[in-house]
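Quick caveat: nothing in here was measured; it's all calculated off a predicted structure.
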Amino acid sequence: MDDEKNTLLSDSTVKQDEEEQNNTMNSQVEVNSSGAVACIYDWVHCLLIAVIAVVIILTFFFRMVNVDGESMLETLQNGDKVIVSELFYTPNDGDIVVISHGQKYKDPIIKRVIATEGQTLDINFETGEVVVDGVVLQEDYIIGETIKGDTAIPSVIPEGKVFVMGDNRTKSLDSRYENIGLIDKSDIIGKAQFVAFPFNHFGGLY
């Protein structure tokens, strides 16, 4: 009887040990499962924050615009995607800017600022020289002949206005033409900072 009782106790002890091991294994599986879920949650949370941050930045500080046409060759190519900064921007000579519309032209355009309010301007259409405040601009970026448009060039840029031209001087509709004319500063969306795409044309703009 004692041997049988000891055997029963031993069997009971083995079963208890097995149950404890099973419970321990189940607990470990639950812990590991919870850790995986927490890790996935953290990744999704970080991804959402990153997406929201990008949307806010692109909405309030920067925007991406597509270049359409050849008026800014060779600086910008047709189809380039350009990042434009908007917040607290003030146009300066030489900046490449995105403009909401011209005087009669209603679509957005991208051009280079040649002269701003108060500056004197003279364009020699025979030599192609552009003179701002008595200084001949060194325009290594331009291509084509600087031809005369259909509107008068002001000798002094009026207050609140800027004079713009494309780098492709032969094929650019800009301030030389009545449809674009002088640009209101308030109509300048922002400064083009760099080309984001395509990657073979990636880089800053000057």
Side-chain angles (χ1 to χ4, degrees), residues 20-103 105-117 139-142 160-168 172-175 180 182-206:
E20 289 177 358
Q21 289 178 359
N22 289 335
N23 289 337
T24 301
M25 291 179 64
N26 290 337
S27 176
Q28 290 175 345
V29 170
E30 290 176 1
V31 170
N32 291 338
S33 177
S34 298
V37 171
C39 184
I40 292 173
Y41 174 81
D42 287 342
W43 274 102
V44 172
H45 184 68
C46 291
L47 182 61
L48 286 175
I49 291 176
V51 170
I52 292 171
V54 169
V55 170
I56 291 174
I57 289 172
L58 291 179
T59 300
F60 296 101
F61 300 97
F62 299 93
R63 72 169 64 186
M64 184 177 291
V65 300
N66 293 323
V67 176
D68 183 16
E70 301 178 344
S71 71
M72 284 298 294
L73 289 174
E74 297 285 328
T75 308
L76 293 172
Q77 310 289 327
N78 182 45
D80 280 353
K81 296 184 182 298
V82 179
I83 299 298
V84 177
S85 61
E86 303 179 65
L87 194 63
F88 305 128
Y89 171 69
T90 300
N92 293 301
D93 298 355
D95 288 352
I96 298 174
V97 295
V98 175
I99 303 158
S100 60
H101 62 277
Q103 291 185 5
Y105 191 82
K106 300 307 178 185
D107 293 332
I109 54 176
I110 184 166
K111 305 293 177 184
R112 188 182 295 272
V113 176
I114 302 301
T116 59
E117 59 183 3
E139 299 185 292
D140 298 333
Y141 44 77
I142 70 170
K161 304 286 188 178
V162 299
F163 186 94
V164 300
M165 286 197 287
D167 290 354
N168 186 353
S172 175
L173 185 65
D174 49 43
S175 292
I180 302 299
L182 294 173
I183 301 298
D184 287 332
K185 290 172 62 176
S186 60
D187 292 331
I188 295 178
I189 295 172
K191 178 183 177 181
Q193 298 286 359
F194 62 90
V195 177
F197 188 83
F199 296 123
N200 64 351
H201 201 209
F202 180 89
L205 295 171
Y206 304 98

Would you find a donor on one side and an acceptor on the other, under 3.5 Å apart, between the side chain of Ser71 and the backbone of Ser172?
-> no
Please assess Val97 against Ile110 for the test side-chain contact (heavy atoms from CB on, under 4.5 Å), listing each intermediate value before the final yes or no.
-> CA-CA 6 Å; Val97 295; Ile110 184 166; over 6 Å; no
Could you grab the distance from atom CD1 of Ile109 to atom CD1 of Ile189, nearest 0.5 Å is fine?
-> 10.0 Å
From Thr75 atom OG1 to Asp140 atom CG, the distance as rounded to the nearest 0.5 Å | 10.5 Å
So, does Asn92 use its side chain to make a donor-acceptor pair with the main chain of Thr90 at under 3.5 Å?
-> yes
Side-chain ion pair, Glu117 and Lys185, N-O less than 4.0 Å = yes
Which of parallel (below 30°), tilted (30 to 60°) and perpendicular (above 60°) describes Phe197 and Phe199?
-> perpendicular
Report yes or no: does Asp167 contribute a side-chain atom to a donor-acceptor pair with the main-chain N or O of Leu73 at less than 3.5 Å?
-> no
Which atom of Val195 lies closest to which atom of Phe202, heavy atoms considered | O-CD1, 3.1 Å
Do Lys161 and Ile183 have side chains that get closer than 4.5 Å, going by heavy atoms?
-> no
Atom CD in Gln103, atom CG in Leu182: separation rounded to 0.5 Å?
-> 6.5 Å
Give the intermediate values and the outcome of side-chain contact (heavy atoms from CB on, under 4.5 Å) for residues Thr116 and Phe163.
-> CA-CA 6 Å; Thr116 59; Phe163 186 94; over 6 Å; no
Which distance, rounded to the nearest 0.5 Å, do you find between the CD1 of Ile114 and the CG of Asp174?
-> 8.0 Å
Would you call Asp95 and Arg112 a salt bridge, using N to O less than 4.0 angstrom?
-> no
Atom CG of Asn78 with >12 non-hydrogen neighbours under 6.0 angstrom | yes
Hey, what do you get for CG (Asp187) to NE2 (His101), rounding to the nearest 0.5 Å?
-> 4.0 Å
How long is the span from the CE atom in Met165 to the OG atom in Ser175, to the nearest 0.5 Å?
-> 8.5 Å
Quick check: does any side chain N or O of Ser100 sit under 3.5 Å from a backbone N or O of Pro108, one acting as donor and the other as acceptor?
-> no
